[in-house]
2 protein chains.
Amino acid sequence: MTLTADQKRRRAQQDYNGGLGLCPARQLLETISSKWVTLVMLALADGSLRHSELRRHVAGASQKMLTSTLRSLERDGLVSRTVTSSVPVRTDYQLTPVGHSLLDVVYRLKGWAEDNMDDVAHARMAYDRGRLTRVE
Amino acid sequence: MTLTADQKRRRAQQDYNGGLGLCPARQLLETISSKWVTLVMLALADGSLRHSELRRHVAGASQKMLTSTLRSLERDGLVSRTVTSSVPVRTDYQLTPVGHSLLDVVYRLKGWAEDNMDDVAHARMAYDRGRLTRVE
DNA sequence: CAGCATCCGCAATGATACTG
DNA sequence: CAGTATCATTGCGGATGCTG
């Protein structure tokens with residue numbers, strides 16, 4: 001078998017997440033870092049929303065991604081799903097207590113972004129403009 | 001010519017942002033949400049690190065991804081890069097003041113993950129158990 | 001209306017080899 | 001050692017159509 005360095009690295013990463021148990025936190029971090037997670041969390045901040053409502057709140061999210069994200073959040077116990085078996089099926093999503101605790105952190109993240117977006121925007125322009133000026 | 005890789009990334013981001021017409025804050029949020037960003041930030045928490053050292057700290061990061069992430073962070077003014085033009089080129093990375101302010105938030109995120117990983121792990125098992133009643 | 005399955009294009013990511 | 005370009009692969013994410 002030609003298990004080159006690629007396999008080894010990938011195995012290392014997988015083991016890091018699952019086997020060692022020393023860093024399940026990282027696994028969680030990566031879950032949170034998912035593109036739509038923060039947006040869905042913020043959308044559910046005010047209360048429960050239906051699938052269609054959620055989709056309206058989160059701009060640019062396809063039905064597939066939304067469902068996928070919600071499943072992930074539900075699996076992690078951050079979001080609870082309530083299905084009402086009426087004729088038109090109604091499904092409501094809302095944050096669990098654990099979800100709310102994460103929301104608190106997400107708010108801080110959002111706050112930081114709002115506070116520093118000017119600095120970052122400026123830094124970006126400066127970087128893009130003077131990229132050929134190397135520091136030595 | 002040396003901008004090709006960066007231009008690709010930049011183009012991708014702008015393409016996404018342009019399609020949705022988003023506020024800069026959300027743009028920043030997505031930057032932070034990048035998979036390796038938090039890990040690199042945490043690695044640089046204690047002080048400056050060289051490229052190779054950084055790579056050792058962040059498990060599973062390829063050289064390409066690391067460089068790419070660092071470039072992104074440098075562009076946003078969160079990380080500063082210091083190149084020493086000695087015979088073996090030495091490059092050190094360290095957080096900027098703005099980077100440190102983000103690090104503070106990242107710490108909270110990490111703290112949350114550590115505090116809640118047990119709950120989440122439990123929720124996951126429970127969820128998976130319920131789903132596995134229907135195995136082929 | 002909720003959500004799952006399928007096809008598919010493209011961006012993200014990795015490996016490799018090459019500069020300075 | 002740090003960094004880049006190039007090619008190959010994959011998995012994300014979008015679109016569509018079908019089920020309950």
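All values derive from a computational prediction rather than experimental measurement. Proteins come first, then strands; the chains are lettered A, B, ... in the order of their sequence lines, and each starts at number 1.
The listed nucleotides are dG20(D), dG3(D), dA2(D); the one nearest the side chain of V89(A) is dG20(D). Taking the side chain of R50(B) as heavy atoms from C-beta on, and the options dG14(D), dT4(D), dA2(D), the nearest nucleotide is dA2(D). Comparing dG14(C), dG20(D), dG3(C) by their closest approach to the side chain of T67(A) singles out dG3(C).
Taking 4.5 Å as the limit, every side-chain heavy atom of R81(A) sits out of range of all side-chain heavy atoms of L70(A).
Two residues, S52(B) and K64(B), neighbour DNA chain D, and the one matched to the more 5' nucleotide by heavy-atom proximity is S52(B).
Each of D104(B), T96(B), L103(B) was compared with H100(B) under the side chain to side chain contact (heavy atoms under 4.5 Å, CB included) criterion, and only L103(B) meets it.
Distances shown here put a side-chain N or O of T91(B) below 4.0 Å from the OP1 or OP2 atom of dG3(D). At dG3(C), one or more side-chain N or O atoms of Y93(A) fall inside 4.0 Å of OP1 or OP2 (strictly under the cut-off).
A donor-acceptor pair under 3.5 Å links the side-chain atoms of S33(A) to the main chain of L29(A), judged by distance alone.
Regarding H51(B), its NE2 atom lies at a distance of 11 Å from the C1' atom of dT4(D), rounded to whole Å. The nearest whole Å value for the distance from the CZ atom in R90(A) to the C1' atom in dG20(D) is 18 Å. Straight-line distance from the CZ atom of R81(A) to the C1' atom of dG3(C): 9 Å, rounded to whole Å. Distance CZ (R56(B)) to C1' (dA2(D)): 14 Å, rounded to an integer number of Å. The separation between L66(B) atom CG and dA15(C) atom C1' is 16 Å, rounded to whole Å. Between the P atom of dG3(C) and the CZ atom of R75(A) lies a distance of 17 Å, rounded to the nearest Å. When the P atom of dC1(D) is taken as reference, atom CG of L54(B) falls 15 Å away, rounded to whole Å. Per the geometry, CE belonging to M65(B) stands 14 Å off P belonging to dA5(D), to the nearest Å.
A donor-acceptor contact under 3.5 Å links the side chain of Q63(A) to the base of dC4(C).
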Mind running side-chain hydrogen bond (donor to acceptor under 3.5 Å, both in side chains) on T31(B) and R75(B) for me, showing each step along the way? CA-CA 11 Å; T31(B) 299; R75(B) 190 167 94 103; over 6 Å; no
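Summarising the geometry of A45(B) relative to Y107(B), their closest heavy-atom pair is CB-OH, 3.2 Å, with the distance given to 0.1 Å.
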